[in-house]
Amino acid sequence: MSRRGLPSNLRFYNICIHAFGKWKRLDKSLKLFAAMKAASPPLVPDICTYNSVIRVLVIGGRVADALLVFDEMKLAGIHPDVFTYHAVVDGCCKSFRMDDALRMFQEMRGGTRLKGGVVVYNSLLNGLFKAKRLDEACGFFETMVADGIQCSASTHNTVIDGLFKNGRAEAACRLFYELRKKGQLLDGIAYSIMVREFCKEGTGDQVAEAVSLVKEMEERGFVIDLVTVTSLLLGFNKSRRWDLEEKIVKIIRDSSVLPDAIRWKSNMMDALTGPQDRAKDRTSIFPFDGNMNDVMSLLNPAVCTDTNEGTTHNEPKDDWSLSPHLDHLAKHADHSNNSAIFTVHRGQRVEGMGGKTFDADMVNTYMSIFLAKGKLSVACKLFGIFTNLGRKGTSYTYNSLMTSFVKKGYLKQVWAVLHERGGQLCPNDIATYNLIIQGLGQMGKTEVASSIMEQLSKKGVYMDIVMYNTLINQLGKVGKVEEANCLLEQIITRGMKPDLVTFNTLININVKAGRLKEADKYLRRMIAEGIAPNHVTETIMIFLDKEIQKKKQQSK
DNA sequence: ATAGGGTTAG
């Protein structure tokens, strides 16, 4: 297509659609698309338009729609390029649609012979690890090498993190130390992952090891950012090694976030020792009367109103349009921000001191420390101080507060917090929904939790392994063991792999229900999957043993 | 334009 023939306006629209996507204003982007087509003379969407719209849909968590638009684009005779494939592959990976992601990837690599860069490979690699498909992830890593792709630091970080999260700590460490020996392709993030792992267990020795790694980071000139500092703070608190905190301040020469974080902490401690506002702890703002419709509408307006499904067929069809689905989306742009169920992006990235999120992230960190200690009212007070500052909480602030409320059975407070968020721009992230599922179980509303998951499933919304594990446990507790067992098959059907928690939960609920044979079956299956039992499994097995002994005694 | 902070099991 000749450059001269292109209306200059098209480029302008494309840039705006892309920009609004970054701000998570899906509605604005879609409206712009509609406006563009309605212009006179009408502008014809080009590859850049489609790439932008697809990216925007992915960012807004509307992966299913993004895939439909992707198909429409091909039907319209526009050939996807590497950017298009990158967007759809990335979207699929982030929403646990690994089979779709792999299919797209093969289409790109085999069918169109486009050569994707290392970024696409990294995206897929990360997705496979996140979906707990360890063997495939390792295999894919080899494919990458075979394809002649030059691994980047991100590749190694993804593999190190993926090995840790899949119970292969030893292999992860080996890779890290091997790369360190070679002195190549390791950056601050690799160190940060190692620091996190050493801090997680919280024994004094391990946290000391983490501190020495941070020292090495400093020597190598890597930035010790807020993510790393957060891991350290959690480690100091768990191990109670305050001497290490002092030590690390001395180690760090360059100005970094750590001194700021520690100063922030002492200011916060001062504020917290002031008079406690008990009323804030127990405000019952939410008039929860047991009406489950409220819960459903809170979860997802579209589930209740049915407006989205109904309109598709009643609309006058424009037979000439090459993008009917996208047109439909654009027409209903106003609702598009509400009907996104999850954001694909989980939390917000932290840029470091000076960034707007510093306070929010510090609150998050200390909130989880207080909550872990069961100091709910201190956490509430902290939350109050934070809200009075007039800042918007990131989703994690709410999530950690709600986790604790849910665990203590303060469901009213959970609803209050959710209502507070009602008018917010950003859709809740998946952790929030995991909490709701958990909360419903606490209220004895397992069947509601179950039906919500079923509806999400029907809508093609992605659910992560935590959500499944939570529901499996709840079904088991109310005696619906058979249904729980079925969920395992559903996990597999959806292209995910059950993890250690899934199997421990399944074994546990089957033991408790007296189904010893099934419990044994799941144990074997777990081992066959290459998942190593841990101390939780052991506890469950001891219980299983006792049950078997009891049975033998009875039969005598 | 990809990677790192927590959440699920006893």
Side-chain angles (χ1 to χ4, degrees), chain A residues 55 58 82-83 86-87 89-90 93-94 116-127 129-130 151-162 164-165 187-197 199-200 225-235 346-350 357 361-362 364-365 367-369 371-372 394-397 399-400 402-404 406-407 429-438 441 463-474 476-477 498-509 511-512 526 533-544:
Chain A
R55 183 98 238 158
V58 164
V82 274
F83 294 99
H86 187 191
V89 168
D90 186 44
C93 286
K94 285 231 170 72
V118 65
V119 180
V120 184
Y121 282 81
N122 288 347
S123 222
L124 264 161
L125 192 59
N126 187 41
F129 275 121
K130 290 274 152 66
C151 288
S152 64
S154 298
T155 316
H156 290 131
N157 295 341
T158 303
V159 176
I160 293 171
D161 180 67
F164 272 125
K165 298 229 167 106
D187 62 7
I189 288 173
Y191 276 86
S192 182
I193 293 166
M194 297 303 291
V195 168
R196 178 196 70 200
E197 288 301 315
C199 286
K200 216 165 72 179
D225 66 0
L226 198 51
V227 175
T228 318
V229 169
T230 301
S231 295
L232 281 170
L233 292 173
L234 292 166
R346 276 194 146 180
Q348 262 185 307
R349 238 147 215 266
V350 180
T357 61
D361 285 295
M362 292 308 289
N364 288 340
T365 306
M367 193 100 90
S368 70
I369 290 171
L371 293 176
T394 62
S395 65
Y396 181 62
T397 311
N399 284 339
S400 44
M402 285 199 291
T403 303
S404 200
V406 164
K407 282 191 175 151
D429 72 14
I430 196 161
T432 313
Y433 289 88
N434 286 342
L435 274 166
I436 294 169
I437 300 292
Q438 205 191 328
M463 292 171 281
D464 69 355
I465 195 77
V466 177
M467 213 178 211
Y468 276 111
N469 292 346
T470 309
L471 186 63
I472 287 173
N473 190 36
Q474 283 172 16
K477 279 194 172 148
D499 67 356
L500 180 62
V501 180
T502 319
F503 281 111
N504 281 346
T505 311
L506 280 168
I507 295 167
N508 183 46
I509 63 173
V511 170
K512 293 273 156 72
M526 175 173 120
N534 68 352
H535 61 283
V536 179
T537 326
E538 213 173 291
T539 317
I540 301 166
M541 294 323 291
I542 292 166
F543 188 85
L544 173 65

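Letters A, B, ... are given to chains in the order of the sequence lines, protein chains preceding strands, and every chain is numbered from 1.
Salt bridge status for D464(A) with K130(A): absent, with no side-chain N to carboxylate O gap under 4.0 Å.
A 4.5 Å side-chain heavy-atom check between I193(A) and N157(A) finds at least one atom pair inside the cut-off. In this structure, the side chains of D90(A) and S123(A) come closer than 4.5 Å at one or more pairs of heavy atoms. Within the 4.5 Å cutoff, no side-chain heavy atoms of T228(A) are placed close to those of Y191(A).
With dG10(B), dA9(B), dG4(B) as the choices, the nucleotide that has an atom nearest any side-chain atom of S192(A) turns out to be dG4(B). Closest to the side chain of I189(A), from the set dG5(B), dA3(B), dT7(B), is dA3(B). Checking dT7(B), dT2(B), dG10(B) against the side-chain heavy atoms of H535(A) singles out dG10(B) as nearest. Candidate nucleotides dA1(B), dG5(B), dA3(B) were compared by shortest atom distance to the side chain of K130(A), and dA3(B) ranks first. In this structure, of dA3(B), dT8(B), dT2(B), it is dT2(B) that holds the atom nearest to the side chain of R55(A). Comparing dT8(B), dG5(B), dG10(B) against the side chain of S231(A) picks out dG5(B) as the nearest.
Between the P atom of dG5(B) and the OH atom of Y191(A) lies a distance of 19 Å, rounded to the nearest Å. One atom, CZ of F503(A), and another, P of dG10(B), lie 17 Å apart when rounded to the nearest Å. Distance, Q474(A) CD to dG10(B) P: 12 Å, rounded to whole Å. Between the CD1 atom of I509(A) and the C1' atom of dG10(B) there is a distance of 14 Å, rounded to whole Å. Between the NE2 atom of H156(A) and the C1' atom of dT2(B) there is a distance of 14 Å, given to the nearest Å. Put simply, CG on N469(A) is 11 Å from P on dG10(B), counting in whole angstrom units. Rounded to an integer number of Å, the gap from L544(A) CG to dG10(B) P is 15 Å. Atom CG in L232(A) sits roughly 12 Å away from atom P in dG6(B) (whole-Å rounding).
A donor-acceptor pair shorter than 3.5 Å can be found between the side chains of D499(A) and T502(A).
When the side-chain nitrogen and oxygen atoms of R196(A) are compared with OP1 and OP2 of dG5(B), one or more of them lie within a distance under 4.0 Å. OP1 or OP2 of dA9(B) has at least one side-chain nitrogen or oxygen of N473(A) nearer than 4.0 Å. Residue K477(A) places none of its side-chain N or O atoms closer than 4.0 Å to OP1 or OP2 of dT8(B). Phosphate proximity of dA3(B) to N126(A): present, with a side-chain N or O under 4.0 Å from OP1 or OP2.
At a cut-off of 3.5 angstrom, the base of dT2(B) holds no donor-acceptor pair with the side chain of S123(A). For dA1(B), its base never sits under 3.5 Å from the side chain of N122(A) at any donor and acceptor pair.
Using a 4.0 Å heavy-atom criterion, one finds that L234(A) contacts the sugar-phosphate atoms exclusively. S154(A) comes within 4.0 angstrom of a nucleotide base, judged by non-hydrogen atoms across all strands. Residue-level contact check: K165(A) touches the backbone only, with heavy atoms under 4.0 Å from sugar-phosphate atoms and none from bases. At the heavy-atom level, T155(A) lies nowhere under 4.0 Å from the strands shown.
When T230(A), L234(A), L232(A) are each tested for a side chain to side chain contact (heavy atoms under 4.5 Å, CB included) with C199(A), only one passes: L232(A).
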